[in-house]
Amino acid sequence: MTLLARLFLLVLLAVLPALGIQAYSVFQFRAERAEEVAAQAERLLHLVEGEQARIVDGARLMVTSIAESATLRSGDYAQCQAHLIRLAQRAPEYRNLSVLDRDGTVLCSAAPDHAADRTAIDRTAADRPYIRRALEEGRFVVGEWTTPSPAAEPGTAMLPFAVPFRDEAGTVAGVVTLGLDLPWLATNFAARPLPENASLLVTDRNGTILVKLPNGIAQRGERVPQPYLDLLDEKRGGVTTLPGMDGVARVLAYSPSRQGTRDLFISVGLDHTAVAGTIDRATRQGLLMTLTGLLVAILAAWIGGTLFIRRPVEALIRATQGWSAGNSSARAGLVDRKSEIGQLGRAFDAMAETLEARERALRGSEEHLRAVLDTLPTFIGVLSPAGDVLQVNQTAVQASGLPVEQIVGHPFHEACRRAFAGAAGDRLRTAVERAAHGDSARFDAPVRIAGDRAAIMEMRVTPMRGPDGRITHLIVSGIDITERKSTEEALRVANERFRTALRNSGVVVFNQDCALRYTWMHNPALGFTADRVVGKTDAEVFEDAADAEVVTAIKRRALETGEGVREEVRIRQAGQDHFYDMTIDPLRGPDGALAGITCAAVDVTGRKQAEADLRRAREAAEHAAAGKSKFLAVASHDLRQPVQSLYLFAAALGDRLQGHPSLPLLDNMRQALDTLKGLLDGLLDMSRLESGKIAANPAEVRLGQVLGRLVAEYAPRAAQKGLELRAVPTRAWVRTDPSHLERILRNLIENALRYTRQGRILIGCRRSGPDRLRVEVWDSGVGIPADRLEDIFEEFTQIQGSGDRGLGLGLAIVKRLSKLLDHRVRVRSKEGIGSVFSVEMPRVVVEKPRAAVPPPAMDLFRQAANDCATKGMVLVIDDEAIILLGLKAMLEGWGYSVLTARSGDQALERLRADGRRPQIVLADYQLQQGRTGPEALAAVQGLVGKDVPGIILTGDTAPERLDEARRNGFSILHKPVFPNDLRKMMANAGAA
């Protein structure tokens with residue numbers, strides 16, 4: 001092989017890599033340009049979609065506000081007619097604004113005479129698809145291309161919308177429709193800047209053309225070709241290349257009717273020939289340069305001689321290797337530019353310059369695109385599928401208040417942490433995670449942008465996919481909709497006020513300007529008609545100048561503060577006082593400036609009179625209740641003293657008459673005393689309950705122990721009457737006050753015993769819901785008439801048919817104690833069969849078993865009382881000799897040594913003389929010379945020691961006595977005292 005052939009091969013080996021790199025760069029550049037064109041088409045599509053969505057939202061807001069208006073719900077079509085005319089005047093882009101019933105009959109429309117306007121509306125409107133869809137689906141719908149009438153010109157075509165409305169019963173009564181003027185819509189889109197040779201196409205759900213640019217609206221009912229119809233029903237939008245409506249091939253970005261703006265197809269097309277022309281020219285130039293290089297190399301190999309061959313070839317090889325390594329600045333730099341090798345080197349350098357220039361142009365294009373994004377008011381960010389920020393525009397950077405270095409390359413949720421706080425941050429993070437899996441998201445969120453300004457953003461997160469269908473990046477955009485939300489809220493508030501004024505029948509509604517002169521009035525009252533008051537002030541209208549000053553001052557305060565005021569005012573008219581509940585709100589004009597006030601006044605004269613009557617009646621009832629309580633307390637105190645002495649002497653006599661024939665008479669006397677004490681206890685309980693000073697101390701209580709103790713106590717009494725008394729065993733726990741609950745159950749059991757002659761009494765528990773329990777007392781007694789089931793809980797109420805009668809206070813006490821504990825008491829009964837009383841209370845679920853409850857104190861007291869060998873000395877202080885004698889006789893009968901005294905001073909003297917230390921001290925509360933039992937007990941404890949217990953015996957039922965005894969550490973018993981009660985309390989206090 002010759003040297004030239006070898007040089008030829010060497011030149012080829014040196015040039016071929018460079019040629020390959022250039023060809024790869026050319027085709028890579030072509031692919032990138034194609035992707036940029038597709039992305040540009042999609043961006044234009046998103047802008048058009050946003051504008052279309054804004055237009056549709058405006059139509060939705062219009063028809064929805066009409067459908068929700070009170071005039072339409074109430075059937076006031078005259079008011080509806082006036083309202084629609086005003087709306088049509090303010091929104092000329094909307095046509096055929098009408099309200100139709102379900103049969104298509106026009107109820108009201110935007111025409112001044114809606115009856116005449118019916119000729120402009122197709123009488124078969126009820127059969128139109130979009131109206132049927134609105135009625136069937138019960139939602140806002142976008143209709144199909146239509147004209148007001150079949151004979152209408154193409155230029156009068158419109159896009160209809162419909163939303164159902166409901167009557168006051170909540171039934172769909174018809175639809176509210178309007179049409180968007182298609183020439184207006186075309187003009188609106190034509191005003192938006194589009195790239196040269198770009199096309200815009202908007203069709204309805206059937207493919208009928210609504211707008212096509214640059215040619216304006218379509219002919220009557222013109223539909224898109226079949227390729228566009230195929231795109232119309234796709235589930236997702238995309239980018240494709242199709243012949244345009246003008247026959248020009250275009251790169252088409254489209255959004256089908258199921259996506260974006262529902263029921264509308266939108267596409268944006270770019271001239272394929274125009275955008276591809278530059279790419280083709282660049283490709284041809286690159287290929288031409290490649291071919292030129294190859295020819296130069298061949299010529300250099302064949303024509304070049306031995307002169308300067310090796311060095312130029314090496315230079316070319318080095319330059320080629322530099323380009324292969326990515327060094328676009330590498331050049332051959334041959335000095336000899338006249339020879340073929342020099343020309344080859346120059347051609348190589350020119351090729352490198354061209355490629356480098358293209359790279360600079362590409363970077364410039366990217367910077368231009370970034371500049372365009374930076375000028376947009378929308379916040380735009382590009383994220384990786386993992387959620388890291390790849391790129392943001394300048395608007396987003398300024399809003400965040402962070403430098404770019406702290407945003408790009410960092411997780412998106414960290415960059416937005418300060419702006420999106422709380423729930424908004426969680427929603428944004430969830431939207432990004434969903435977009436990473438292919439789901440787009442849109443939501444509104446409150447944000448805090450730079451400068452600590454609060455705003456509401458409409459956020460969109462859209463996944464972008466590569467040719468292989470995988471998600472390559474995420475697009476996050478945000479639009480500030482604070483002003484729009486404020487406008488919507490203001491409109492909502494205005495509508496609510498308007499509906500409130502119309503809904504309240506009989507409410508006087510009027511407006512006044514800043515000078516507080518009447519400008520409008522609705523539903524006049526007191527003779528203040530609109531003709532009489534418009535243009536005047538309150539001072540010129542009211543009879544009483546003082547009334548006018550008061551009302552004017554209230555209204556002026558609303559004007560000065562700019563805040564609503566609500567007050568009741570008195571207006572004297574025709575010699576009579578009238579009272580009004582008046583609500584005053586500032587009235588603002590379109591520019592937001594204060595224009596006056598709007599007022600609503602409700603006549604509450606009847607209510608004020610009723611309140612005054614009720615207040616007087618309540619005061620009288622409270623006075624009567626207080627007198628009754630005072631009488632009960634005094635009567636029970638005065639009666640307890642003689643009854644107490646009878647108890648004491650009966651107890652002492654019982655110890656001495658054991659085995660005596662007269663003992664049964666004593667038992668009869670004890671039963672009479674027990675009955676008398678029960679009556680006095682009932683009066684005491686009623687007095688204490690009505691005083692309102694009894695408190696509840698809830699605790700966890702085991703019902704089985706309470707019911708067992710009650711059955712053990714009342715079973716002997718039931719057996720004496722020939723009745724069976726038992727309780728169903730239970731392990732349930734409840735939360736209640738144990739002493740109050742026991743008193744309720746005692747009264748219910750005693751009531752059952754009183755009214756049951758034969759049969760049995762059963763006590764059991766039932767669940768009432770997941771966390772409630774019901775204790776029931778069943779009896780087979782005489783029953784209660786159905787018309788008296790509520791009366792039996794009133795004081796001094798009894799039913800007929802019982803031989804064992806009391807005062808009728810037991811169930812009244814049950815009612816008041818259950819109300820205090822928040823326990824529900826019920827009763828059901830049948831005459832001659834029996835009754836069931838139930839008490840419902842909270843149930844407690846016990847995870848760990850409770851410690852065993854000690855045996856009832858009564859058993860311990862009885863055990864202690866049976867052992868008299870270790871009894872000590874008891875000191876008794878009472879200023880009544882008969883009580884002292886009775887207590888002394890009874891206590892000595894129990895085995896105690898008794899020391900008596902009629903005052904505290906006498907007790908101290910006798911203690912000093914006796915020399916013994918008392919086991920316990922009993923003292924009456926009221927002693928001689930205004931002294932009290934607690935004072936005497938304190939003096940005795942000061943002498944013999946604080947550990948000596950004391951018990952106060954008193955007939956005073958006032959709650960203050962119990963509080964005083966507890967504060968001093970003493971126990972208290974109310975007279976008359978049962979001997980067993982006294983014995984139990986002494987044992988509990990530690991007296992052997």
Side-chain angles (χ1 to χ4, degrees), residues 24-50 52-53 201 203 205 224 226-244 249-262 264-270 272 275-276 279 283 362 365-366 369 373 378 380-393 408-409 411-413 427-443 459-478:
Y24 172 79
S25 300
V26 169
F27 287 106
Q28 182 68 21
F29 175 75
R30 183 184 182 88
E32 291 176 353
R33 287 292 298 161
E35 290 181 359
E36 290 178 5
V37 171
Q40 183 181 4
E42 286 186 330
R43 286 192 295 272
L44 291 175
L45 175 64
H46 292 332
L47 293 176
V48 173
E49 279 187 317
Q52 184 65 29
L201 181 64
T203 76
R205 67 200 306 264
V224 296
Q226 185 60 42
Y228 284 79
L229 291 177
D230 295 337
L231 300 178
L232 189 69
D233 295 328
E234 288 189 2
K235 294 183 179 180
R236 293 182 175 274
V239 180
T240 186
T241 302
L242 284 177
R250 297 185 182 276
V251 178
L252 196 71
Y254 63 94
S255 173
S257 60
R258 298 182 183 181
Q259 180 181 346
T261 304
R262 189 170 181 179
L264 293 179
F265 173 83
I266 304 174
S267 68
V268 176
L270 300 178
H272 183 271
V275 298
I279 300 175
T283 304
L362 181 60
S365 177
E366 293 177 351
L369 180 59
L373 292 177
T378 304
I380 299 176
V382 182
L383 314 182
S384 68
D388 295 331
V389 181
L390 302 178
Q391 186 178 357
V392 291
N393 66 346
V408 177
F412 184 59
H413 65 88
R427 292 189 65 185
L428 181 62
R429 188 180 300 107
T430 302
V432 172
E433 292 174 354
R434 290 180 55 192
H437 292 85
D439 296 330
S440 299
R442 176 195 172 279
F443 61 93
M459 301 300 301
R460 295 177 183 267
V461 184
T462 306
M464 305 302 294
R465 300 180 182 272
D468 57 355
R470 292 188 302 177
I471 297 175
T472 57
H473 56 280
L474 311 177
I475 303 297
V476 180
S477 62

Undergrad: Taking the side chain as every heavy atom from C-beta outward, state whether L231 and L242 have any atom pair closer than 4.5 Å.
TA: yes

Undergrad: Using side-chain heavy atoms (C-beta onward) and a distance below 4.5 Å, is V224 in contact with L232?
TA: no

Undergrad: Hey, are the side chains of I475 and V382 touching, using non-hydrogen atoms and a 4.5 Å cut-off?
TA: yes

Undergrad: Rounded to the nearest 0.5 Å, what separation is found between the CZ atom of R205 and the CG atom of D233?
TA: 9.5 Å

Undergrad: Is it true that a side-chain atom of T472 and a backbone atom of M464 form a donor plus acceptor pair closer than 3.5 Å?
TA: yes

Undergrad: Do you know the tightest heavy-atom contact between G438 and R236?
TA: O-NH2, 4.0 Å

Undergrad: Just one of D388, V432, V389 clears the side-chain contact (heavy atoms from CB on, under 4.5 Å) bar with P411, so which one?
TA: D388

Undergrad: Kindly give the heavy-atom pair with the smallest separation between E49 and S255, and that separation in Å.
TA: OE2-OG, 2.5 Å

Undergrad: Could you state the interatomic distance from CD1 (I471) to CG (L383), rounded to the nearest 0.5 Å?
TA: 12.0 Å

Undergrad: Just so I know, are the side chains of Q226 and L229 near enough to count as touching, which here means a heavy-atom distance under 4.5 Å?
TA: yes

Undergrad: Which value, rounded to the nearest 0.5 Å, describes the distance between H473 atom NE2 and L390 atom CG?
TA: 8.5 Å

Undergrad: How close do A431 and A441 get, heavy atom to heavy atom, and via which atoms?
TA: CB-CB, 3.7 Å

Undergrad: For S267 versus Y228, what's the shortest heavy-atom pair and its separation?
TA: OG-CE2, 4.3 Å

Undergrad: Quick one: does L270's side chain get under 4.5 Å of L44's, heavy atoms only?
TA: yes

Undergrad: Could you report the tightest heavy-atom contact between E36 and R43, atom names first, then the distance?
TA: O-NH2, 4.5 Å

Undergrad: If you round to the nearest 0.5 Å, how far is OH of Y254 from CD of E42?
TA: 10.0 Å

Undergrad: If every non-hydrogen atom of A435 is compared with every non-hydrogen atom of P463, which pair is closest and at what distance?
TA: O-CB, 3.3 Å

Undergrad: In Å and rounded to the nearest 0.5 Å, what is the OG1 to CG distance from T203 to L264?
TA: 7.5 Å

Undergrad: Rounded to the nearest 0.5 Å, how far apart are CG of L474 and OG of S440?
TA: 9.5 Å

